[in-house]
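Please read the structure below before turning to the comments.
To find a chain, count down the sequence lines: A is the first, B the second, and so on, and within it residues start at 1.
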Amino acid sequence: MANGGGGRPIKVLNVAEKPSVAKSVAGILSRQQGLRMREGRSRFNKIFEFNYTINGRPCLMSFTSVTGHLMEIEFDERFKKWHSCDPVQLYHAPIRKYVPEDKLDIKRTLENEARNCQWLILWLDCDREGENIAFEVVEVCTQVNRNLNIWRARFSALIDREIHHSVQNLIRPNQLFSDAVDVRQEIDLRIGASFTRFQTMFLRDAFVLDVITDERNLVLSYGPCQFPTLGFIVERYWEIQSHEPEEFWTINCTHNSDEGTATFNWMRGHLFDYTCAVIIYEMCIQEPSATVTKVRQQEKLKYPPYPLSTVELEKRASRYFRMSSEQTMKVAEDLYQSGFISYPRTETDGFSDQTILHRIVEEQQEHPQWGSYAQRLLDPGVGLWRNPGSGGHDDKAHPPIHPTKFSAGESSWSQDHHRVYELVVRHFLACISQPAKAAETTVEIDIAGEPFSASGRIIIAKNYLDVYRFESWGGSIIPTYNFGQQFTPTTLTLDSGVTRPPPLLSEADLLGCMDKAGIGTDATMHDHIKKLLDRCYATKDSNTRFSPTYLGEALVMGYDDMGYELWKPHLRSMMESDMKAVSVGTKRKAEVLEACLQQMKACFIDARANKGKLFEAMSIFFERSNRPPSNELHTGGDVVRRCGLCNESDMVLRKKPDGNFMVGCLGYPQCRNVVWLPSSICEAVVTTNTCSACTPGPIFKIQFKFRQLEIPPNYDVNHLGCIGGCDFTLRQLVEICGTGSRNASSIPGRGQGNPTSSNSGQRRSSGGWMACTHCGQTGHLSDTCPSQASRGRTARTREFNPENGLAGESSIPCNSCGASCVLRTANTANNRGRKFYSCQSQACNFFVWEDSLSGDRSAPPHTNMSRSASNPTSTRRGGRGSRRGAHANNAFVSATGEPISGRCFVCGDPSHFANVCPNRGR
DNA sequence: GCAAGGTC
């Protein structure tokens, strides 16, 4: 940039991306000397004035701001109305960029200022969006002043040196960066609007979408960020549903001494082959002397977290306080606005060398909770201080989130304000502290050639954990062992476990998935999550875990059936790499736009041609509608009972559009409790009679009338029935006639690598007449209980297997908890086709192979299993016990079906195994 | 009535 020399001061208009940056930069440049502030047209965007010298030339600086993007894009008037055109035209319809109503004041300020200036310096954030906003500002300003000399200030942090350097080294704005954003905006609008209009108009009126939102206002939106986010939720849900439990075995050893108890874990982990496990276990039992083969002591460090970025703040607030990302950002924004924390939208997770960390700590010394920690941190004698690490991310615009003003709590703060401020301060203090230190001892032993290990940990110094109360590091004492020492284990047990599916995605998990796949930005990720909830595509439980709704699942399923991965993150990744190419100049804007839109248009046309798939998927979950959306599903019905599942709403009798009856919870879709009634019912009326047998009451009886020709001759067409579970006649008729459940349709199987979960036979409703052992309601079993994590898809896909019979028919009472065990078929490599009973109660983990029973199916054996403490996946137990029970009937079998010698290795008694032998150790 | 991105 040429040195302009002396002469009259140059009038310079400076524009920042937000008011706070305008204020900060003006303060830094003016050194607070002669800084004046005046109002602009917009009350948020003040104008600061001061004198400054750029490369030797005196300048009269006026400094104002925008608030993010100044402009939006939209379709030309003719295409704006939904029914104005075929959605496919939206791939080529003209679009315009304009300043929306709420930004007109800012535009007028810029125009007023620009008229009188010679230079325009753009202080927008140094990322692609910032560059695009810079060009929006340029467009507005040059409209009123074509002679403006336009410059770009490039800065990476709001610190003196950085700001003064950038203004003395101005560059020109980067058109390519801005072009990349233009591409993104246009593609997002065209794809989003076309698919949203298409699927909304195609599906909304075709089905009875029993969601909370008024159907007339319901929009079935599609967006390149919201759909992949939904995809993560659905994919995990399907993974859970297709999970087949697989039994495994492990050997555990404990040893009691004067100093305490050591628990040794088998270093093989676990084996899925029972025979192998038993053989090894036999070897150990027969030669149980343990020899210490290794004693290792070492210092371990637990490092504090990196400085706080936005995504990390959202994840941690969700994990520690169960706050939604949306609420976290709302509160953080509030704290930022009132000056207590730094800018909350940042990707940066490392402090610049310039940041004066001590000063921030000094401010916190007076705090009643963490003030003393801050004092210790500042005391060099304590040695607690440590220069913070960095996660390696830097958005070149903002520092990590940190406290900017001391507060011991403000009267206007909500509990969430206190929480977020505390998290920001404690996190800051933690990341400039020494790691926690511990001494860990690991002892390895050998029993009959099998290695086992145990470890203990003694915390030497908690350091950062003293202030970061959200994390812990458990200590455990282990007795002293010496190399070569021999001892006899106190217990040596063969324990079983069953693999468990992963949990539903938590909000922190979901943010992690999005972050990894590049879906959304730090400032928008929480919006995409909220959108899924607003659109009724997903629900979030009290544990912050997400499940798809029927609607969300059906949409993803429909596109998946078409073979399109529109619900996966690839499309966004592809767009992101194209935008990158545009921003570095390896691809031209027009070229990328044309290629992408052409591709997406072809995809849209094809999707529309295959809309039958979408229709089929929706049909699985929703009733067809041939009348206006307002129907009895929304207008309630007569109350039959209080919902025992959600305990918040009543369950009401409803007649569905297809004529079938059901009793459903009014809390739907939050609560999905439903009892499907026989399809042979032509009339049903709730009476004032209550059932004396079923609990919890009152349960009002229903007067049914059946269609004569659809029920067996020995049943009466009129029947006063109860849905509480006591009514044998109703149960019979459900089994004979089926129900009106839409879930009776077949649903192809999903999930990874599980082809056999697809439909392999006639489907039946899952809503049997056994009471759910989880919620106590009838109409479903606990494995399909709407309150359970693995509900939904399983509930709708339960197979009627002629070999197994219906779940209800093939169930047997659980001897462990008194609920019921249902017969299932394993699909794991080692046990494919093998039948097993598993308890339907979520609280009970009973499990038994059918072939280990001795014929008396009504009473599966129950034993108290020894439990392994170390394997977190081994929550479902019972296999070992099942063999004990079977053993009593002389029917020990291996996983492959061969008989196993069943005799205690210690005393020879055939009634038990050695691990529970009363004579062992004598 | 549609997207996602800024920000207040």
Which part of the nucleic acid, if any, lies within contact of [X], taking any heavy atom under 4.0 Å across all strands shown: a base, the sugar-phosphate backbone alone, or nothing?
X       : answer
S194(A) : nothing
G520(A) : sugar-phosphate
R190(A) : nothing
R572(A) : sugar-phosphate
E333(A) : sugar-phosphate
L90(A)  : nothing
P19(A)  : sugar-phosphate

Once salt bridge (Lys or Arg N to Asp or Glu O under 4.0 Å) is applied, do any residues pair with E113(A), and if so which ones, sequence neighbours excluded?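 If we apply the salt bridge (Lys or Arg N to Asp or Glu O under 4.0 Å) test to E113(A), skipping adjacent residues, the hits are R38(A).
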For K46(A), give me all partners under salt bridge (Lys or Arg N to Asp or Glu O under 4.0 Å), at least two apart in sequence or on another chain.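 Applying salt bridge (Lys or Arg N to Asp or Glu O under 4.0 Å) to K46(A) gives E39(A).
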Would you say the rings of H402(A) and F351(A) are close, in the sense that their centroids are separated by under 6.0 Å?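 Between F351(A) and H402(A), the centre distance is under 6.0 Å.
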Examine the base of dC8(B) for any acceptor or donor lying under 3.5 Å from a partner atom in the side chain of T67(A), and report the outcome as yes or no.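 Between dC8(B) and T67(A), which were checked side chain against base, a qualifying N/O pair under 3.5 Å is present.
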In terms of ring plane angle, is the pair W119(A) and W151(A) parallel, tilted or perpendicular, where the classes change at 30° and 60°?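 Correct class here is tilted.
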Give a yes/no answer on whether the side chain of [X] brings an N or O atom under 4.0 Å of OP1 or OP2 in [N].
X       : N      : value
H528(A) : dG5(B) : yes
S221(A) : dA3(B) : yes
Y343(A) : dT7(B) : yes
T521(A) : dG6(B) : yes

Nearest heavy atom decides the nucleotide; on that basis, is G192(A) or G68(A) closer to the 5' end of DNA chain B?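 By nearest-heavy-atom nucleotide position, the 5'-most residue is G192(A).
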Specify the residue among D527(A) and H83(A) whose closest nucleotide of DNA chain B lies further upstream toward the 5′ end.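 On the 5' side of the pair lies H83(A).
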ring-ring contact (aromatic ring centres under 6.0 Å, His included) between F202(A) and F207(A), intermediate numbers included: CA-CA 10 Å; F202(A) 173 51; F207(A) 293 93; 7.9 Å; no
Among [options], which nucleotide sits nearest the side chain of [X]?
X       : options                : value
K531(A) : dG5(B), dA4(B), dG1(B) : dA4(B)
R345(A) : dG5(B), dC8(B), dG6(B) : dC8(B)
R204(A) : dC2(B), dG1(B), dG5(B) : dG1(B)
P224(A) : dA4(B), dC2(B), dG6(B) : dA4(B)
Q226(A) : dA4(B), dG5(B), dC2(B) : dA4(B)
K103(A) : dG6(B), dC2(B), dG1(B) : dG6(B)

What is the distance, rounded to the nearest whole Å, between atom CG of N45(A) and atom C1' of dC8(B)?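 Distance, rounded to whole Å: 8 Å.
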Face-to-face contact Y222(A) to dA3(B) six-ring, under 5.5 Å, under 30°: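 So no, this residue does not stack on that base, at least one cut-off failing.
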